[in-house]
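Contents: one structure, followed by commentary.
Computed from a predicted model, the values in this text were never measured in an experiment. Reckoned from all heavy atoms, side chains included, excluding hydrogens, waters and symmetry mates.
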Amino acid sequence: MFSVALPQDVLYIIKTLNQAGHQAYIVGGCVRDTILHTQPKDWDITTSAKPEETKKLFSHTFDTGIQHGTITVVLNHTNYEVTTYRIEGEYEDCRHPSGVTFTNNLQEDLLRRDFTMNAIAYHPEEGYQDFFHGMEDIQSKTIRGVGVPALRFQEDALRMLRCVRFAAQLGFDVEEETYQALCENKELIKKISVERIHDEMDKLWLCHHEDKMPLLWQSGLLTEIDEQLANRQMQREHGLLEELKKAPKESVLRWTIVLQDYSPQEAKAFLKKLKFDNDSLKTICLLLENINQALPTQGYPLRGLISKLGLEAVGQLITLQEILRPTAPSLQTAQCLDKIIADGDCLTLKELAVDGQMLMEIGVPKGKELGKLLSLLLDFVHQNPERNQKNILLEKAREFM
């Protein structure tokens with residue numbers, strides 16, 4: 001089996017722990033990713049050293065979850081989580097253990113992990129420690145729960161959603177016993193916070209293997225999260241997957257495609273339920289309000305629409321219509337938009353060559369009349385973009401007064 005090229009900082013942490021008489025390995029997703037020849041986002045280390053022992057060995061650390069054995073070592077402005085081997089107590093809320101017991105046994109530590117592909121440890125001299133045949137499952141593209149899958153899901157119900165997300169992320173199949181355990185324990189997802197559910201679903205819609213996404217509703221898991229969304233996805237499964245395949249890997253665009261059958265009011269209620277941030281909520285609802293509207297292909301009305309909705313939103317609407325309404329004149333709109341941007345046309349009041357202070361200096365009273373006049377001048381410039389000049393607009397303002 002090939003060796004793993006570990007970053008120098010990771011090698012230093014492992015070597016420092018080993019020289020102090022402790023075991024240490026990289027573990028979890030970073031091992032899986034190296035086997036799959038993809039670059040890990042994070043490097044996690046598991047060790048027989050107790051948290052206080054680890055802290056004594058490194059000059060810059062901070063407590064991440066020290067009660068659960070995790071401290072963070074900082075080297076060269078990069079954080080590395082180092083966690084003591086542990087056995088976890090009962091999971092009373094299907095998410096967090098009631099307590100942990102530290103152990104010197106690596107296998108006991110790996111047994112508590114979710115899937116066999118994430119339960120592999122690696123040491124640069126010792127090689128792989130793979131007690132649950134995770135490497136075989138990676139090679140066969142299989143997601144399998146460690147030990148008894150039902151127990152792993154009952155310990156942490158979020159693992160069910162992660163199971164579906166990993167399938168769509170990696171293109172793996174879910175092993176039969178693991179899938180059956182997911183189906184039988186699906187109602188436990190209701191014990192998980194909506195914030196964590198939102199995070200996992202957000203990652204899911206951005207995955208590359210869209211053909212695996214139906215596991216979310218076919219298993220019944222989505223019904224437990226939101227029955228209305230599950231019913232709508234089942235009704236339009238094939239079309240949804242084809243649309244997602246064509247869509248950029250952007251969260252707002254993909255959520256808009258997922259919710260395209262929702263009215264803005266329905267979408268707002270759903271997005272609030274899943275605790276979306278305000279900006280994403282407003283953007284998705286704005287796109288849904290305009291998703292079926294005919295987009296202008298001429299400069300004047302398109303400049304007006306950009307002023308109303310914003311440049312980014314109009315660009316997103318063009319992308320969405322190219323995917324959802326292929327007969328719409330999206331190409332002409334996109335070409336017109338490109339010209340507007342290239343020409344540097346004035347699109348908003350901020351880009352107007354005059355402002356409220358200049359207008360007041362020629363006698364326009366402050367208040368509604370001033371705002372109305374600025375809007376008239378902006379419309380004039382939308383029709384005549386080359387005339388966005390101070391002297392021309394001040395003269396035009398006098399005509400409008």
Side-chain angles (χ1 to χ4, degrees), residues 205-206 208 242-260 264 277-359 361-362 364 370-400:
W205 299 135
L206 296 175
H208 292 278
E242 289 303 311
E243 290 158 359
L244 289 173
K245 285 178 183 178
K246 299 174 185 176
K249 300 293 189 287
E250 295 179 20
S251 177
V252 164
L253 287 178
R254 291 203 156 207
W255 273 109
T256 304
I257 290 172
V258 168
L259 299 175
Q260 63 181 278
D277 64 90
N278 285 334
D279 286 345
S280 296
L281 185 151
K282 289 177 182 177
T283 301
I284 293 170
C285 289
L286 178 67
L287 294 175
L288 289 172
E289 284 175 12
N290 294 277
I291 200 169
N292 294 315
Q293 300 299 317
L295 297 178
T297 58
Q298 301 298 317
Y300 169 48
L302 186 54
R303 283 186 282 269
L305 184 66
I306 295 169
S307 178
K308 177 183 176 184
L309 303 182
L311 184 60
E312 184 178 14
V314 171
Q316 290 170 324
L317 283 171
I318 292 172
T319 299
L320 287 167
Q321 291 204 359
E322 287 174 346
I323 297 167
L324 304 178
R325 299 179 60 203
T327 58
S330 306
L331 178 60
Q332 295 96 308
T333 302
Q335 290 172 338
C336 186
L337 178 63
D338 289 342
K339 186 177 186 306
I340 286 171
I341 294 172
D343 290 346
D345 291 353
C346 170
L347 300 172
T348 66
L349 287 173
K350 289 182 179 180
E351 298 163 334
L352 206 58
V354 297
D355 58 24
Q357 183 61 40
M358 295 175 190
L359 295 181
E361 288 174 359
I362 64 169
V364 180
L370 178 62
K372 183 179 179 181
L373 185 53
L374 283 167
S375 296
L376 288 171
L377 291 174
L378 181 61
D379 183 69
F380 170 74
V381 169
H382 284 165
Q383 296 181 62
N384 308 276
E386 74 286 352
R387 306 194 71 181
N388 185 30
Q389 301 173 40
K390 179 180 177 180
N391 59 333
I392 293 176
L393 294 184
L394 289 178
E395 184 60 35
K396 199 69 183 175
R398 292 185 179 95
E399 293 178 18
F400 286 144

Measuring from [X]:[atom1] to [Y]:[atom2], what's the distance to the nearest 0.5 Å?
{"X": "L281", "Y": "D277", "atom1": "CG", "atom2": "CG", "answer": "8.0 Å"}
{"X": "D345", "Y": "K339", "atom1": "CG", "atom2": "NZ", "answer": "7.0 Å"}
{"X": "L393", "Y": "L374", "atom1": "CG", "atom2": "CG", "answer": "10.0 Å"}
{"X": "I257", "Y": "I291", "atom1": "CD1", "atom2": "CD1", "answer": "7.5 Å"}
{"X": "Q335", "Y": "I318", "atom1": "CD", "atom2": "CD1", "answer": "10.5 Å"}
{"X": "L370", "Y": "Q357", "atom1": "CG", "atom2": "CD", "answer": "9.5 Å"}

Is any side-chain heavy atom of [X] less than 4.5 Å from a side-chain heavy atom of [Y]?
{"X": "L378", "Y": "L347", "answer": "no"}
{"X": "L302", "Y": "V314", "answer": "yes"}
{"X": "P385", "Y": "D343", "answer": "no"}
{"X": "I323", "Y": "L253", "answer": "no"}

If you compare all heavy atoms of [X] against all heavy atoms of [Y], which two are closest, and at what distance to 0.1 Å?
{"X": "I306", "Y": "L337", "value": "CD1-CD1, 3.5 Å"}
{"X": "N388", "Y": "C346", "value": "ND2-CB, 3.5 Å"}
{"X": "N290", "Y": "Q321", "value": "O-NE2, 4.1 Å"}
{"X": "H382", "Y": "G304", "value": "ND1-CA, 3.8 Å"}
{"X": "L295", "Y": "T333", "value": "O-OG1, 3.7 Å"}
{"X": "A313", "Y": "L287", "value": "O-CD2, 3.7 Å"}

Any donor-acceptor N/O pair, [X] side chain to [Y] backbone, under 3.5 Å:
{"X": "Q383", "Y": "F380", "value": "no"}
{"X": "S375", "Y": "G371", "value": "yes"}
{"X": "S307", "Y": "R303", "value": "no"}
{"X": "R254", "Y": "P248", "value": "yes"}

task: Decide whether D379 and Y300 meet the rule of one side-chain donor and one side-chain acceptor closer than 3.5 Å.
output: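 On atom types as modelled, these side chains qualify, holding a pair under 3.5 Å.
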
With a 6.0 Å cut-off (strictly less than), is the heavy-atom count around [atom1] of [X], excluding the residue itself, greater than 12?
{"X": "K372", "atom1": "NZ", "answer": "no"}
{"X": "E312", "atom1": "CD", "answer": "no"}
{"X": "Q298", "atom1": "CD", "answer": "no"}
{"X": "K249", "atom1": "NZ", "answer": "yes"}

Under-4.0 Å salt bridge between K246 and E243: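 Judged by the 4.0 Å cut-off on N to carboxylate O distance, K246 and E243 do not form a salt bridge.
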
task: Would you check, one step at a time, whether the test side chain to side chain contact (heavy atoms under 4.5 Å, CB included) holds for T319 with E250?
output: CA-CA 11 Å; T319 299; E250 295 179 20; over 6 Å; no

